[in-house]
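Here's the structure we're looking at; comments come further down.
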There are 2 protein chains.
Amino acid sequence: MYDRLKGFRDFYPEEMAGRRRAMDAVEASAARYGFREIDTPALERAQMYADKSGDEIVEEMYSFEDKGGRHVAMTPELTPTVARMVVDKGQELSKPIKWVSTRPFWRYEQVQQGRFREFYQTNVDVFGSSAPEADAEVLAVVANAFVDLGLTSEDFEFRVNHRDVLGGLLATFGDDVDTEAGIRAVDKSAKVEPEEYYDLLVDAGLTRDQASQLDDLLKGGDLDEIAAFAGTDRVREGVENLRAILAVTEDFGVREYCTLSLETARGLDYYTGAVFECFDSAGEVSRSIFGGGRYDDLIESFGGQPTPAVGIAPGYATLTLLLQRAGVWPEGEEAISTDYYVLQAGDVREEAARVARALRERDHVVASDVAGRSFGAQMDYADSINAETVVIVGERDLANDEVTIKDMETGDQTQVPVEDFPGDRQRPTYDDFA
Amino acid sequence: MYDRLKGFRDFYPEEMAGRRRAMDAVEASAARYGFREIDTPALERAQMYADKSGDEIVEEMYSFEDKGGRHVAMTPELTPTVARMVVDKGQELSKPIKWVSTRPFWRYEQVQQGRFREFYQTNVDVFGSSAPEADAEVLAVVANAFVDLGLTSEDFEFRVNHRDVLGGLLATFGDDVDTEAGIRAVDKSAKVEPEEYYDLLVDAGLTRDQASQLDDLLKGGDLDEIAAFAGTDRVREGVENLRAILAVTEDFGVREYCTLSLETARGLDYYTGAVFECFDSAGEVSRSIFGGGRYDDLIESFGGQPTPAVGIAPGYATLTLLLQRAGVWPEGEEAISTDYYVLQAGDVREEAARVARALRERDHVVASDVAGRSFGAQMDYADSINAETVVIVGERDLANDEVTIKDMETGDQTQVPVEDFPGDRQRPTYDDFA
């Protein structure tokens, strides 16, 4: 009767279980590193994005005039909002500020596999540190979470580059070179034909020979050669910083998930140092899974004190594709599980409620009949929600002060004294009474 | 530089910690009853609300035309969306369907204490049962959660009423009575002067004597008297259902949080049976905290099979006021806690990283220096994040293969052998080594 909007998704319990598991893993990892959860508005002044986010994002924004005549936008990304928040309370917050939040964002994009108009991200950001430890820490948070989810270095890699290496190198080709356009060209290099890539570099101000030279240097991936070729402090310091970050990832135990990748550029304009993109190591998910990087100038551009910053933002639409490809996406009983179903046969509500409460007090997932259904219908339902154990509370059993415990996997069942269930047991099953 | 929109909030970590604790308690309670998490879009066709939600909500909607020319609205409530979802997959879903979800909603309202334009709710719904057990279960989910949060029956009460009692009673006053207008009048009775209340009832089609009679009956609260006065099956059955629901809350262990309250009406038009409103028992939070009720006709009105339904939706803006009033809102160390800060003195990153990783593997919250700061600055930071234990990894100690463990509450500290920390201990503190 009413249709769902294109690019928006309904998450029924099975699909939601997988996304919840992934979000919980990232949030739990961030919490272990001392990141604190924040939450932010879904609407902001549209002008903020016009000023800070670049044309591509602004063109895709859900923006409109609210009832108070304000020009507002549904947030297409988090970074401008957190920058605003840091500026608002800058002096009160002890540095470094380490924030994490999971929420939806909205962009009116072309819908395709792994890309929707409403998409969830967890943003993990450190404000107030320019040290390579901060860059490495946000990488470690996500790498640890991915390992917790069952992924290995065969499954994912963080491609790491640096704006001072790529941008610095581009700048050495001449004063007329538009380095931002050059970076955007490199960002597209893997997605377009070589001819088109060279044309983009020429548009950015390089000669055709320089384009070929740049291509060779980036493909070669030799940092010493690049630093020597460029001969500028900017590139030399970028190379040092890049190496320092990779050295810290070693100490943090996540070096194996990081790859130096000089062609990784990231489209966003506000990055100033290291940039990261996460890819499927097996190459089946062809697109970047998500990315991040350092944005040292943004807080100051919002009117705050100069505050170096670095962040990363796993997105769940593409991450889902990766988890599915890697075979670690929960399905069936992994997605929907129930510890106990308390089946009611006859007028036994009081006793059934007592059993269910006792099990819930032990923190188990316990469903029971709330629809006055038959024995068979209840058993089918228990099966449909993957109940592990069914506790049958029946009038006849109760006359003997007993209940029946049924193992749903084997079908075995046994009677046990009512006062013995659950008794002192933390998680009683059929095996405890067999 | 950019201001936050009126009625929208930034949640910094301290405020967020309290809301997270409340949301987790409600979600965990729902999970224990076998409710499954779903997630839903932030935008829907505006027409859905125009058809289903009533004028008040539609007037306050954030609605606009998207880039594809669709007339869309930021969701002002969840119920129409879940009704759409139930209809979309009605036959595939095993009944009863028990869903829970936490998300923001948006209404362009007058901003006041506990009321914002963006607000979070957890919706807890059962579809496919008309039995009183379902009504009682959604009440029990929330009551259990509130007790987990530290609230008692001195703090909150669910006022329970029934549309067939109130609406049925209104209908007995004459065929010309507009029962929906009458219900809305009763809904306002506590907020307006008696004269105005009587005027509203007269507007709904009652005589002045009937208005006074109704007022007496509702205030009296005697269900038998009301059933006898009305003399209709509808009212008699409503009374029976209301009593049955309260009887089930007894078995579910939450009767003490429920009060029969015949003047509780709930504004929404789609309720058909029991209605609930949660109030501050101490009366300091004067407004309804949130509500819920039965809506048996909605799914069918969306084109689905007839599917009885009941739901409740704790909202966190008003719940926060209640938790604060009751003195169970986390502040300071309860809101921001850190198990360990690993302090680095000198060139010790590798060893400090090993210690931090070992503690994180034990699932603790562990912060360490990522900004190259001094000993004193790190100690201040550890204090600011309420670190319980500081592990000082220093060059001098390490020369003797030792680290220093400092209890931040007492200030006591002691040296321990590096290989002994954390060793086999799950959560080592100063006391283990003193």
Side-chain angles (χ1 to χ4, degrees), chain A residues 1-2 4-5 8-13 16 20 31-32 34 36-45 48 62 64 66-67 70 72 84-85 87 89 94 96 104 108 118 126 128-129 131 133-134 137 251-253 302-303 336 338 349-350 353 357 360 364-367 370-372 381 384-385, chain B residues 1-2 4-5 8-13 16 20 31-32 34 36-45 48 62 64 66-67 70 72 84-85 87 89 94 96 104 108 118 126 128-129 131 133-134 137 251-253 302-303 336 338 349-350 353 357 360 364-367 370-372 381 384-385:
Chain A
M1 188 167 182
Y2 300 98
R4 194 180 55 239
L5 294 169
F8 288 75
R9 288 167 295 166
D10 297 329
F11 287 86
Y12 289 83
M16 189 61 207
R20 172 56 62 197
R32 287 195 297 269
R36 311 293 166 177
E37 191 183 12
I38 59 162
D39 195 26
T40 61
L43 284 183
E44 295 272 9
R45 301 266 178 193
M48 188 163 79
Y62 283 90
F64 59 98
D66 79 5
K67 291 185 196 299
R70 303 169 191 88
V72 299
R84 178 178 64 63
M85 285 174 68
V87 172
K89 287 211 183 175
S94 77
Y108 196 87
E118 176 173 60
V126 179
S129 170
E133 282 81 357
E137 186 163 274
D251 289 344
F252 286 4
F302 271 69
I336 302 292
T338 306
R349 193 181 67 216
E350 192 179 337
R357 283 172 66 188
R360 286 186 191 120
H364 302 309
V365 173
V366 186
V370 292
Y381 183 73
S384 77
I385 59 175
Chain B
M1 189 165 181
Y2 301 98
R4 192 179 57 239
L5 293 169
F8 288 75
R9 289 168 295 166
D10 297 328
F11 288 86
Y12 288 84
M16 189 61 208
R20 170 57 60 197
R32 287 195 298 269
R36 312 292 165 177
E37 191 182 14
I38 59 161
D39 195 26
T40 61
L43 284 184
E44 294 271 10
R45 302 266 177 192
M48 186 163 82
Y62 283 89
F64 59 99
D66 80 4
K67 290 184 197 298
R70 304 169 190 90
V72 298
R84 178 178 61 65
M85 285 174 67
V87 171
K89 287 212 185 174
S94 77
Y108 197 87
E118 177 173 60
V126 180
S129 170
E133 282 81 357
E137 186 163 275
D251 288 343
F252 286 4
F302 270 69
I336 302 292
T338 306
R349 194 181 65 216
E350 191 179 338
R357 283 172 66 187
R360 286 187 191 119
H364 302 309
V365 172
V366 185
V370 291
Y381 183 73
S384 77
I385 59 174

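Convention: sequence-line order gives letters A, B, ...; per-chain numbering from 1.
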task = Taking all non-hydrogen atoms of both residues into account, name the closest pair between B/Ala42 and A/Phe8 and its distance.
result = N-CD2, 4.4 Å

request  = Determine the option with the most heavy-atom pairs under 4.5 angstrom with chain A, choosing from B/Leu43, B/Val87, B/Thr338, B/Val365.
outcome  = B/Leu43

key: Structural part of A/Leu5 lying under 4.5 Å from a heavy atom of chain B   = side chain

inquiry  = Counting only non-hydrogen atoms closer than 4.5 Å, does B/Glu137 touch chain A with its backbone (N, CA, C, O), its side chain (CB onward), both, or neither?
reply    = side chain

request  = Locate the shortest heavy-atom distance separating A/Asp251 from B/Arg357; write the atom from each residue and the value.
outcome  = O-NH1, 3.7 Å

task = Kindly give the heavy-atom pair with the smallest separation between A/Ala371 and B/Ala131, and that separation in Å.
result = CA-CB, 4.1 Å

ask   = Side chain, backbone, both or neither: which part of A/Arg70 has a heavy atom under 4.5 Å from chain B?
value = side chain

note = Scanning both residues in full, the closest heavy-atom pair of B/Met85 with A/Phe11 reads CE-O, 3.9 Å

inquiry  = Just so I understand: if I count every heavy-atom pair under 4.5 Å between each of A/Glu350, A/Glu44, A/His364, A/Glu37 and chain B, which residue has the most?
reply    = A/Glu37

ask   = Do the non-hydrogen side-chain atoms of B/Ile385 and A/Arg36 ever get within less than 4.5 Å of each other?
value = yes

Parallel, tilted or perpendicular: rings of A/Phe64 and B/Phe64 (30°, 60°) = parallel

inquiry  = For a quick test of reading the model, state the closest non-hydrogen atom pair linking B/Glu118 to A/Pro41 and the distance between them.
reply    = OE1-CA, 3.2 Å

query = Side chain of B/Ser129, backbone of A/Val370: donor and acceptor closer than 3.5 Å?
reply = yes

query = Which heavy atom in B/Tyr381 sits nearest to a heavy atom in A/Pro96, and how many Å separate them?
reply = OH-O, 2.8 Å

task = Side chain from CB out, backbone as N, CA, C, O: work out which of these in B/Tyr108 comes under 4.5 Å of a heavy atom of chain A, or both, or neither.
result = side chain

ask   = Counting heavy-atom pairs under 4.5 Å to chain B, which of A/Glu133, A/Arg32, A/Met16 comes out on top?
value = A/Arg32

inquiry  = Can you see whether A/Thr40 engages B/Arg4 through a side-chain donor-acceptor pair at a distance of less than 3.5 angstrom?
reply    = no

message = Contact between A/Tyr12 and B/Lys89 at the side-chain level, heavy atoms closer than 4.5 Å - yes or no?
response = yes

ask   = chain B heavy atoms under 4.5 Å from A/Val366: which part of the residue, side chain, backbone, both or neither?
value = both

key: Carboxylate-amine/guanidinium contact A/Arg84 B/Asp10, below 4.0 Å   = yes

